[in-house]
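Please read the structure below before turning to the comments.
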Amino acid sequence: MPFHTRYTVFLLAALSLASAQRTPAFKGALLLEPGLNNAKCMTASSNTNGATVTIQACTGAAAQKWTFAGGNDGKVKIFGDKCLDVPGGSKADGTKLQIWACTDNNPNQRFAYTFDNRLAWANSGKCVDLSGGNQADGNPVQVAGCTNGNVNQVWNTGYMVNDLPQTSQEGQYGTNACGTASSDSSNCQTAWINSAEDFCFWAPPNPNSAIGDIEREAIAWCTKSGRGSRTIPDGTFSGVHFVKTHNYVQVTGKGNFTRVNIRAGDDGGELDNRGADGKGNPVGGLVYGNTFSPGLQYHEWTSFISDDEFCFRACIGPDATKNCNHIYDLMGCYWNMPANYDAGVFENCDADNDLPMGVYGTSTWYQGVSPTPPPHPAASSSNCQALPTVKVGPAKRRRENGGFEKRFVPRFPEATPPPLP
Ligand SMILES: *[C@@H]1O[C@H](CO)[C@@H](O)[C@H](O)[C@H]1NC(C)=O
């Protein structure tokens with residue numbers, strides 16, 4: 001859905017109005033992950049006044065679970081009674097953040113979460129910033145002047161895949177903690193994108209639906225059982241193409257998607273992580289995958305589906321919002337994600353990044369402006385491995401999955417992650 005207009009309004013409001021308070025679209029205790037999305041999390045070094053705040057590998061420990069208190073006080077809480085805090089209220093760039101006991105009306109503890117996933121220190125022109133963009137464990141988090149498009153100031157909100165909430169957003173149709181029992185009546189809204197044989201897409205819960213009418217309620221349909229979602233009936237696909245680039249994973253293809261409840265003749269609709277109001281389409285939709293790091297949450301993703309074509313891209317890295325831009329919601333799969341869509345082929349490939357949708361050299365085209373430019377050419381792919389077909393099979397158990405379990409071992413003392421599902 002188009003969001004650039006609202007985006008500007010929200011951003012200005014969050015950064016400049018005295019009483020502006022905007023909390024993330026997600027509920028509960030949240031991980032705060034640096035914009036590069038490389039499995040790092042904002043972490044309090046201990047539960048004491050003055051404890052430093054750094055990034056560490058995400059484990060889901062209590063020291064990484066931040067709660068936005070809401071209201072006008074703008075508190076970002078941890079350990080129940082501590083708050084993210086600017087020492088001495090210093091406005092000097094480079095001031096390292098700490099945690100401190102939460103106190104009422106404390107301007108040093110007042111933050112606003114912006115529509116572009118920045119964390120602004122209210123009324124200061126300063127944002128929470130990853131020092132020097134250094135991704136090493138232990139690098140401190142500081143305040144620095146807010147600058148647009150600065151990936152070091154992006155803090156995505158998310159959840160450990162082994163600690164999903166029942167629901168992640170207000171007004172959600174289905175659930176995120178989906179269990180392991182796939183069923184035809186599941187309303188699971190946690191999707192995976194791993195390969196041509198192992199992915200999900202968003203489709204309607206009820207038969208004969210136009211995707212544009214149910215985009216807020218779409219649910220996950222997957223090629224693997226064992227993740228608590230619905231499974232895509234065998235024979236649905238006529239072609240599936242998966243590519244992995246340095247910055248995204250993408251699956252594209254053809255099929256008869258009336259079998260996943262899309263109305264015959266529906267020319268489709270777009271689904272993404274942000275929607276028009278900052279909640280996703282579907283509301284509460286979460287996307288995970290193992291390509292870049294085991295069980296990594298994708299915070300930027302875009303997808304289209306019609307009665308006979310689909311595409312789904314999930315992005316990481318400094319240009320995630322550009323490569324997964326979802327303002328071109330009327331332009332369909334091929335224009336947004338130029339790739340192989342051929343029927344009769346099922347394959348996994350490596351590929352280069354496509355040029356970002358809508359960006360032509362130094363100019364950016366906006367939907368509705370005439371003339372409409374052509375799609376970019378599909379980037380070249382390599383190392384393609386053909387598959388006979390794509391049909392439903394069990395999801396891999398983690399112990400078979402090359403060190404998956406090992407990577408979740410807590411790396412610092414207070415880590416108490418929940419048991420693996
Ligand atoms: C799609 O599948 C449905 C249900 O299996 C079938 O009735 C319909 O003819 C198929 N449509 C096409 C275009 O093959």
Side-chain angles (χ1 to χ4, degrees), residues 173-174 178 181-243 250-272 281-282 285 287 302-313 328-349 375 378 384 386-395:
Y173 179 84
C178 302
S182 293
S183 94
D184 292 344
S185 58
S186 165
N187 288 325
C188 178
Q189 292 179 303
T190 303
W192 288 78
I193 176 165
N194 282 329
S195 67
E197 313 95 297
D198 181 4
F199 70 93
C200 311
F201 57 36
W202 304 111
N206 299 310
N208 199 26
S209 301
I211 197 80
D213 295 341
I214 60 81
E215 59 188 9
R216 307 234 84 178
E217 290 97 44
I219 58 166
W221 294 73
C222 303
T223 64
K224 295 293 185 193
S225 57
R227 295 207 177 104
S229 70
R230 297 194 199 188
T231 52
I232 298 166
D234 287 350
T236 296
F237 293 110
S238 52
V240 175
H241 305 260
F242 172 86
V243 298
Q250 172 181 285
V251 61
T252 56
K254 299 279 190 192
N256 179 348
F257 302 127
T258 65
R259 296 181 184 185
V260 291
N261 289 342
I262 293 182
R263 183 182 298 165
D266 183 23
D267 59 8
E270 187 267 354
L271 303 124
D272 64 74
N281 288 324
V287 180
T302 176
S303 173
F304 289 76
I305 189 166
S306 70
D307 69 345
D308 69 349
E309 184 178 71
F310 80 101
C311 52
F312 194 167
R313 179 186 288 181
Y328 302 107
D329 61 327
L330 302 177
M331 301 304 293
C333 272
Y334 196 86
W335 192 93
N336 277 281
M337 290 173 240
N340 195 343
Y341 286 79
D342 292 350
V345 180
F346 301 87
E347 61 181 4
N348 287 306
C349 299
C384 293
L387 308 160
T389 188
V390 168
K391 58 182 187 177
V392 173

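Order of appearance sets the numbers: ligands from 1, and atoms from 1 within every ligand.
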Check: Phe310 ring centroid to Phe237 ring centroid under 6.0 Å: yes

Output field: ring centroids Phe199/Phe312 closer than 6.0 Å: no

Atom 5 (O) of ligand 1 touched by protein heavy atom at under 4.0 Å: yes

Heavy-atom protein contact below 4.0 Å for atom 9 (O) of ligand 1: no

Reference residue His241; test side chain to side chain donor-acceptor pair (under 3.5 Å); the match among Gln250, Glu347, Lys254: Glu347

Atom 2 (O) of ligand 1: nearest protein contact (heavy atom, Å): Asn256 ND2, 2.3 Å

Distance-only donor-acceptor check, side chains Asn206 and Glu217, under 3.5 Å: no

Proximal atoms of ligand 1 relative to Thr258 (non-hydrogen, under 4.0 Å): 1 (C), 2 (O), 3 (C)

